[in-house]
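See below for the structure under consideration.
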Amino acid sequence: MSHPHPLSPSRWSAWLLALLVAIGAACAQAPAEHPAAGTGSPAAAAPTKREPANVMPWEKADWLEREGRAENEKPELVIQAMDLKPGMAVAEIGAGTGFFSRRIAKVVGPAGKVYAEDIQPQMLDLLKQYTAKEGVGNVIPVLGTETDPKLPAHGVDRVLLVDVYHEFQKPEPMLAAIRDCLAPGGTVILVEYRLEGDTAAHINIKHRMSVEQVLSEWTAAGFTLVRRSEDLPSQHVFIFSARRGARPPA
Ligand SMILES: C[S@@+](CC[C@H](N)C(=O)[O-])C[C@H]1O[C@@H](n2cnc3c(N)ncnc32)[C@H](O)[C@@H]1O
């Protein structure tokens, strides 16, 4: 009785065939990998464009007026950083229920005004209820769009954006419009939950931003960083001015 030799041609071909079938099966089962996922190639290292977060629905507006927010987030430090004066015209973009607009209105006083802008009419209805209840008379609700906050050209001394920029679905036209509404010497105060570290770990990661993300996008849009503060417990504060003569890319 003859036994096939371990390296006989017939044994080799059977072994090779089994190997090829196994490799084919493994390839077929491997999950499709994202082209930029950790291959170590230059393409993998290239920064990816930031995806905007979803707009916070007005049905969840209670969260903006939640108990303990003022104690935890220290809005008085934001107001201080804004360097407000009585009589100033201020715009809050993405004002929501007016948690900040109402506080600003008290500082700029009856000679000043606050344009409280949002894209959800229901948010503005809630804002009107809060301002009426608190007897705040100098808040002007403004219904804007995803590309136009509908603010007076060169008519605003301070623009405040708290926890909203990362929700802009179309940031470029919004940044151009913000530049256009600033009065000479006007500044923008931008507040975003920190992506770095864990001080904002209670906030969904899609609603947090890094210093690098903010600076790259705002600098490219023609803004200059005047100052950055890390005094808030969980949020970055950026103060920007518009670069004279600079226009955002078309
Ligand atoms: C998370 S809430 C913050 C509200 C407010 N700034 C605060 O801190 O209490 C975000 C708000 O921004 C508004 N928003 C989102 N995208 C906007 C845009 N492109 N222009 C104006 N408002 C916008 C939403 O409708 C929502 O009211």
Side-chain angles (χ1 to χ4, degrees), residues 50-82 90-106 114-131 133-134 136 139-152 156 158-182 188-195 200 202-209 214 217-218 221 232-238 248:
R50 181 181 61 84
E51 284 295 319
N54 292 336
V55 171
M56 183 187 145
W58 68 269
E59 290 90 339
K60 301 210 167 143
D62 277 359
W63 189 75
L64 302 174
E65 301 288 336
R66 65 194 179 276
E67 208 182 322
R69 182 178 180 192
E71 290 71 32
N72 294 332
E73 298 202 334
K74 314 233 172 288
E76 68 278 7
L77 295 183
V78 175
I79 307 276
Q80 204 176 306
M82 291 181 76
V90 179
E92 185 185 4
I93 294 183
T97 52
F99 178 84
F100 277 92
S101 288
R102 287 164 3 234
R103 287 167 166 79
I104 294 165
K106 289 172 190 160
V114 183
Y115 299 103
E117 187 268 350
D118 207 286
I119 54 171
Q120 298 186 77
Q122 299 90 340
M123 280 291 191
L124 295 179
D125 288 343
L126 291 167
L127 177 139
K128 286 179 212 163
Q129 287 172 27
Y130 280 108
T131 50
K133 195 166 142 202
E134 292 180 17
V136 181
V139 173
I140 303 159
V142 178
L143 182 62
T145 69
E146 275 188 349
T147 54
D148 184 359
K150 308 248 169 90
L151 294 169
V156 176
R158 300 284 182 267
V159 175
L160 175 68
L161 300 101
V162 180
D163 191 21
V164 58
Y165 173 67
H166 66 274
E167 287 186 13
F168 284 179
Q169 306 301 305
K170 300 195 169 101
E172 288 86 1
M174 285 299 288
L175 288 174
I178 291 170
R179 286 176 49 85
D180 288 346
C181 81
L182 277 181
V188 180
I189 296 83
L190 172 68
V191 181
E192 284 288 341
Y193 287 105
R194 291 185 195 102
L195 181 60
H202 56 297
I203 300 294
N204 183 307
I205 202 153
K206 289 185 184 155
H207 294 269
R208 295 157 54 183
M209 288 191 75
V214 169
E217 294 176 29
W218 281 69
L232 294 190
S234 50
Q235 291 154 302
H236 299 295
V237 178
F238 302 85

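What's counted below: heavy atoms across the whole structure, side chains too, no hydrogens, waters or symmetry copies. Order of appearance sets the numbers: ligands from 1, and atoms from 1 within every ligand.
Residue contacts with ligand 1 leave out Glu65, since none of its heavy atoms falls under 4.0 Å from the ligand. Distances shorter than 4.0 angstrom do not occur between any heavy atom of Pro149 and any atom of ligand 1. The shell of residues lying under 4.0 angstrom from ligand 1, judged by heavy atoms, excludes Gln169.
The side chain to side chain contact (heavy atoms under 4.5 Å, CB included) with His166 is formed by just one residue from the set Arg50, Lys206, Arg208; it is Arg50. Partner Met174 forms a side chain to side chain contact (heavy atoms under 4.5 Å, CB included) with one of Thr147, Ile93, Val164 and no other, that one being Ile93.
Side-chain contact between Leu126 and Glu65 is absent, with no heavy-atom pair separated by less than 4.5 Å. A heavy-atom distance below 4.5 Å is not found between the side chains of Val214 and His236. Side-chain contact between Leu161 and Phe168: present, with at least one pair of heavy atoms (C-beta onward) separated by less than 4.5 Å. With contacts defined as side-chain heavy-atom distances shorter than 4.5 Å, the pair Arg69/Leu64 qualifies.
Side-chain contact check for Tyr165 and Glu217: at least one donor-acceptor pair (N or O, by modelled atom type) lies under 3.5 Å.
Less than 4.0 angstrom separates some heavy atom of Ala95 from each of these atoms of ligand 1: 5 (C). For ligand 1 and Met123, the ligand atoms under 4.0 Å from any heavy atom of the residue are 27 (O). Below 4.0 Å from some heavy atom of Gln120 lie the following atoms of ligand 1, by number and element: 24 (C), 25 (O). Residue Asp163 approaches ligand 1 through these ligand atoms, each under 4.0 Å from one of its heavy atoms: 1 (C), 3 (C), 10 (C). Heavy-atom contacts of Met174 reach the following atoms of ligand 1: 20 (N) (cutoff under 4.0 Å). Close contacts between ligand 1 and Leu64 involve ligand atoms 2 (S), 3 (C), 4 (C), 9 (O) [criterion: under 4.0 Å to a heavy atom].
The protein heavy-atom contact nearest to atom 12 (O) of ligand 1 is Val164 CG2, 3.1 Å. If you check which protein heavy atom lies closest to atom 21 (C) of ligand 1, you get Glu117 OE1, 3.2 Å. The protein heavy atom nearest to atom 22 (N) of ligand 1 is Gly94 CA, 3.4 Å. The single protein non-hydrogen atom nearest to atom 19 (N) of ligand 1 is Phe168 CD2, 3.4 Å, given as residue, atom name and distance. Nearest protein neighbour of atom 26 (C) of ligand 1, counting heavy atoms only, is Asp118 OD2, 3.6 Å. Of the protein's heavy atoms, Arg69 NH2, 3.5 Å lies nearest to atom 7 (C) of ligand 1.
Contact annotation for His207 and ligand 1: no heavy atom of the residue comes within less than 4.0 Å of the ligand.
Contact record, Pro141 with Leu124: CB-CD2, 4.3 Å, taken as the closest heavy-atom pair. Across Asp148 and Glu117, no two heavy atoms sit closer than the pair O-OE2, 4.3 Å. Considering all non-hydrogen atoms of both residues, Ile79 and Arg103 come closest at CD1-CB, 3.9 Å.
Looking at Lys150, Lys170, Glu167, it is Glu167 that brings a heavy atom closest to atom 10 (C) of ligand 1. Checking Leu143, Thr147, Ile119 against atom 20 (N) of ligand 1, the nearest heavy atom belongs to Ile119.
Polar contact check, Met56 against ligand 1: no nitrogen or oxygen pair lies under 3.5 Å apart.
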When you look at Lys106 and Glu134, which way does the side-chain contact (heavy atoms from CB on, under 4.5 Å) test go after all the steps? CA-CA 11 Å; Lys106 289 172 190 160; Glu134 292 180 17; 3.4 Å; yes
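Remark: the backbone N or O of Trp58 is not paired with any side-chain donor or acceptor of Gln122 at under 3.5 angstrom.
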